[in-house]
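Notes to accompany the following structure.
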Amino acid sequence: MKAPQSAPLLTWYDRHHRELPWRISPSAAKRGVKPDPYYIWMSEVMLQQTTVAAVKAYFAKFVARWPTVTDLAEAPSEDVMAAWAGLGYYARARNLKKCAEAVAFEHGGIFPDTEEGLRALPGIGDYTSAAVAAIAFNRPAAVMDGNVERVISRLYAIEAPLPGSKPQMKAKVAELTPIDRPGDFAQAMMDLGATICTPKRPACALCPFNDACLALATDEPERFPVKAAKKAKPVRLGAAFIAVDREGRLLLRKRVESGLLGGMTEVPTTDWTSRQDGETGTEAAPFPADWQAAGSISHVFTHFELRLSIFRVGPIDKPSGDHGFWVPVTELDGEALPTVMKKAIAAAIPTAFPTPKG
DNA sequence: CAGACGTGGAT
DNA sequence: TATCCAAGTCT
């Protein structure tokens, strides 16, 4: 078995790379076209734990609305959170804004061009600092994401389970990364993982590493990477309250800045508890009213499943006291509503979020 | 270090 | 339907 080399991978990448809105193709790079560090950073943050398909529309929306990092730094946080709504992992949006402010106001609008400099910015960790350094600035950084972990674990048939095996794998990546094209190498490894060295049914016959891959030679490639067992998701229960006033406005609140859905908009809800002792009632409604049951929704988060009983009331006179803010049901697009909250609203007001097909 | 932190698409 | 998972980061 010959030792793996970067050259066959780069040749494969020159021919089979994906075309992506933020990417400079290898042929354009050869003509001297440089990537925009702002685009590379933005795409890398959006792509954290998120599919390319989901990111494309958000990336287009963000760079059209905020063409430079300074534009983003000067934007109101509420606008950024509302634009991010639906993409998930909202700490990324909060850190995106903080990072833009740091670059614009502390670095003169210029991104740091080293791994260490990037790593010091909000929302930029081991992966993203290496990726931006390699892709935007052609620094010889060892870039390791989930794709690279899969490729490397198969290439070297690494039996130790993730995440403990990360340091061992990163050493292999560093050893393989070529000094002349580190950015293309990183993108090539990720494209390979996304299109050839896939989790299920990898297309080994088309792989530029198929003469060096220990997993292919000695075992079923799908067995790698070996991972630690995961835990079962608990169920949490609660109730959500949809109140509409006589002007067709819906009662909303802003969640606290930290934690789950931090800084996002919500409808009033009870606490979400693990309690299983029967029906959730309207005792914890934001104000006394003739609340009517309107079904229920279920939503799966990373570490628990949420089941919300939905109650609605209205049209009503606005109750006294401060319960949040009231927004016309026809203007919910401008709000930072995460998907779970849109589901809750749609359960009570089916026309709230019209889809192209209905 | 293990748990918190979203969502939608594929199988 | 259930499970996995997609270019991770922060605490």
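Every chain is numbered from 1, with letters handed out A, B, ... down the list of sequences.
- If you take atom C1' in dC5(C) and the same atom in dG6(B), they sit 13 Å apart, rounded to whole Å.
- Within the 4.0 angstrom heavy-atom criterion, only backbone atoms of the sugar-phosphate kind lie near Gly259(A); the bases stay farther away.
- Here the C1' atom of nucleotide dC4(C) and the CD atom of Glu305(A) are 16 Å apart, to the nearest Å.
- Comparing the C1' positions of dC10(C) and dC1(B) gives a spacing of 12 Å, expressed to the nearest Å.
- Between the CD atom of Glu257(A) and the P atom of dC10(C) there is a distance of 17 Å, given to the nearest Å.
- For the pair Gln49(A) and Lys227(A), nearest-nucleotide mapping onto DNA chain C gives the more 5' position to Lys227(A).
- Between Gly86(A) and Lys200(A), the residue whose closest nucleotide on DNA chain B is further toward the 5' end is Gly86(A).
- The phosphate of dC5(B) has OP1 or OP2 within less than 4.0 Å of a side-chain N or O from His303(A).
- Taking side-chain N and O atoms only, Thr50(A) has no distance below 4.0 Å to OP1 or OP2 of dG6(B).
- Distances shorter than 4.0 Å separate none of the side-chain N or O atoms of Lys230(A) from OP1 or OP2 on dT3(C).
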Report task. Might you work through the side chain to side chain contact (heavy atoms under 4.5 Å, CB included) test for Trp12(A) and Ile196(A), ending with a clear yes or no? Result -> CA-CA 11 Å; Trp12(A) 173 87; Ile196(A) 302 290; 3.7 Å; yes
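- Across the P atoms, dT9(C) and dG8(B) are found 22 Å apart, a figure rounded to whole Å.
- Taking the side chain of Lys231(A) as heavy atoms from C-beta on, and the options dG8(B), dG6(B), dG3(B), the nearest nucleotide is dG3(B).
- A sub-4.0 Å separation between OP1 or OP2 of dG8(C) and a side-chain N or O of Gln48(A) is absent.
- Residue-to-nucleotide contacts include no donor-acceptor pair under 3.5 Å from the side chain of Thr302(A) to the base of dG3(B).
- Rounding to whole angstrom units, CG of residue Leu260(A) and C1' of dT7(B) are separated by 12 Å.
- The environment of Ile110(A) atom CD1 is sparse: at most 12 non-hydrogen atoms of other residues, nucleotides or ligands sit within 6.0 angstrom.
- For Asp271(A), the CG atom counts as loosely surrounded, since its 6.0 Å shell holds 12 or fewer non-hydrogen atoms of other residues, nucleotides or ligands.
- Atom CG in Leu306(A) sits about 15 Å away from atom P in dA4(B), given to the nearest Å.
- In this structure, Phe62(A) has its ring center no closer than 6.0 Å to that of Phe59(A).
- Residues from residues 118-136 of chain A lying near DNA chain B, meaning a heavy-atom separation below 4.0 Å, are absent.
- One P atom belongs to dC5(B), the other to dA6(C), and the distance between them is 23 Å to the nearest Å.
- Using a 4.0 Å heavy-atom cutoff across all strands shown, Pro163(A) reaches no nucleic acid atom at all.
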Query - Audit row: Gln48(A), Tyr127(A), side chain to side chain donor-acceptor pair (under 3.5 Å) steps and yes/no - result: CA-CA 9 Å; Gln48(A) 291 166 7; Tyr127(A) 163 74; over 6 Å; no
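- What separates CZ of Arg94(A) from P of dC10(C) is a distance of 12 Å, to the nearest Å.
- Put simply, OH on Tyr58(A) and CE on Met46(A) are 9.0 Å apart, with the number rounded to the nearest 0.5 Å.
- Here Val300(A) lies in heavy-atom contact (under 4.0 Å) with a base.
- Protein atom CG of Leu20(A) is 14 Å distant from nucleotide atom C1' of dA6(C), rounded to whole Å.
- In this structure, His299(A) has its ring center under 6.0 Å from that of Phe301(A).
- The side chain of Arg150(A) places an N or O atom within less than 4.0 Å of a non-bridging phosphate oxygen (OP1 or OP2) of dA6(C).
- Counting any heavy atom pair closer than 4.0 Å across all strands shown, Val143(A) reaches no nucleic acid atom.
- Among dG6(B), dC5(B), dG8(C), the nucleotide with an atom closest to any side-chain atom of Asp145(A) is dG8(C).
- Distances shorter than 4.0 Å separate none of the side-chain N or O atoms of Tyr89(A) from OP1 or OP2 on dC10(C).
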Report task. Applying salt bridge (charged side-chain N to carboxylate O under 4.0 Å, His left out), run through Glu305(A) and Lys233(A) and close with a yes or a no. Result -> CA-CA 6 Å; Glu305(A) 176 187 345; Lys233(A) 278 183 214 281; over 6 Å; no
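- Rounded to whole Å, the distance from NZ on Lys342(A) to C1' on dG8(B) is 13 Å.
- In this structure, Phe301(A) places its CZ atom 7 Å from P of dG6(B), rounding to the nearest Å.
- Checked by atom type, the side-chain pair Ser25(A)/Ser27(A) shows a donor-acceptor distance below 3.5 Å.
- Between dT7(B) and His299(A), a contact under 4.0 Å exists linking OP1 or OP2 to a side-chain N or O.
- Contact annotation for Trp84(A): no contact, since no heavy-atom pair falls under 4.0 Å across all strands.
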